[in-house]
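Notes for the one structure printed next.
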Amino acid sequence: MKRIIVGNWKMNMDLKQTATLITRLRTQITNPTAKVVVCPSFVSLVQASEIISSQKALLELGAQNINDNDEGAFTGEVSGPMLKGLVGYVIVGHSERRIVFMESNELIARKVAACIRNKLTPILCVGENTNERQEGLAKRTVLDQLEQNLSEIIPSEASKLIIAYEPVWAIGTGVNAEPYDVEEMALAIYHYLVNKYGTETADKIPLLYGGSTNGDNAASYLAINKIGGLLVGGASLNYKVFSSICQL
Ligand code: 13P
């Protein structure tokens, strides 16, 4: 399976900065070893898509959020049908949405279903917080999130998922998870998926790692058994660093 490197730009980059960053990535990423996905803000997606096609950039697009409904009176929200054709991927269940926007596991399950219904690949993020890790509850937390977040999809849809393990305590903190801890979690997630969907399907679901990844540590995470790519936050805003990660 080809590696996947995803850049989550979060709430950064206005239109002009988006155009500059995409153009720079286009010139740097000429020989990617991975499928490369960037996730700008909603308002920049149309422009980003136009630049990617006109410059034939080796980039794909993702959104950072989706509403669980397809249409209706939901002021300020963006739906699957609006994203379909514009992006191929949607980040769902990011810890910032779980914590800052209080998204429940039930809502996240409906967002995963909205992605599948609209032929968008959900990048489902799961991860424990500091207390949960210190209390030895990391695996239980992550597997419980998966169980709840995957409750609205049927087994034949599972091969369309991407799962990202992002320990909350490693996001934007510069605190690096130890590769053996990441491997332990990746194996736990993989075995969970094997039990739930069977080996053939589990083998088709890419597992990404995210949390303070950068040009110095990316290779060590990519070398981990069962880790098939990265979900990069801050470092994805630096075109030199992000391009280098995509060409490791
Ligand atoms: P950082 O790489 O900035 O820690 O962010 C990770 C992340 O949240 C990606 O979704």
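Note that ligands are numbered from 1 as they come in the structure, with each ligand's atoms numbered from 1 the same way. It should be emphasised that the depicted structure is a prediction, and the values quoted were computed from it without experimental measurement.
- Looking at atom 3 (O) of ligand 1, its nearest protein heavy atom turns out to be Gly234 N, 2.8 Å.
- Only the backbone of Ala170 comes within 4.0 Å of ligand 1, counting heavy atoms alone; no side-chain atom from C-beta on gets that close.
- Cluster annotation: Leu161 is not connected to Ile91 through the hydrophobic network of ILVMFWY side chains, with a link wherever side-chain heavy atoms come within less than 4.5 Å.
- Looking only at atom types and distance, the side chain of Gln64 has no donor-acceptor partner in the side chain of Trp9 under 3.5 Å away.
- Contacts classified as ring-ring contact (aromatic ring centres under 6.0 Å, His included) and involving residues 208-248 (residues at least two apart or in different chains) are given here: Tyr209-Tyr221.
- Using a 4.0 angstrom heavy-atom cutoff, Ala235 does not count as in contact with ligand 1.
- Contacts with ligand 1 closer than 4.0 Å are made by side-chain heavy atoms of Asn8 only, the backbone lying farther away.
- Look at Gly210 and you'll find every heavy atom at least 4.0 Å from all atoms of ligand 1.
- Inspection of the Asn69 and Arg110 side chains reveals no N or O donor paired with an N or O acceptor under 3.5 Å.
- For a threshold of 3.5 Å applied to N or O pairs, the pair formed by Ser212 and ligand 1 contains at least one separation below that value.
- The closest protein non-hydrogen atom to atom 9 (C) of ligand 1 is Glu166 OE2, 2.9 Å.
- Looking at atom 2 (O) of ligand 1, its nearest protein heavy atom turns out to be Gly233 N, 2.9 Å.
- Distances below 4.0 Å separate heavy atoms of Lys10 from the following atoms of ligand 1: 5 (O), 6 (C), 7 (C), 8 (O).
- With ligand atoms numbered from 1 in the order given, ligand 1 contributes 7 (C), 8 (O), 9 (C), 10 (O) to contacts under 4.0 Å with heavy atoms of His94.
- Sorted by first and then second residue, the ring-ring contact (aromatic ring centres under 6.0 Å, His included) pairs involving residues 178-202 (not counting sequence neighbours) form an empty list.
- A donor atom on one side chain and an acceptor atom on the other are found under 3.5 Å apart for Glu166 and His94.
- Side-chain atoms of Asn67 and Lys111 form no donor-acceptor pair, as typed in the model, at a separation below 3.5 Å.
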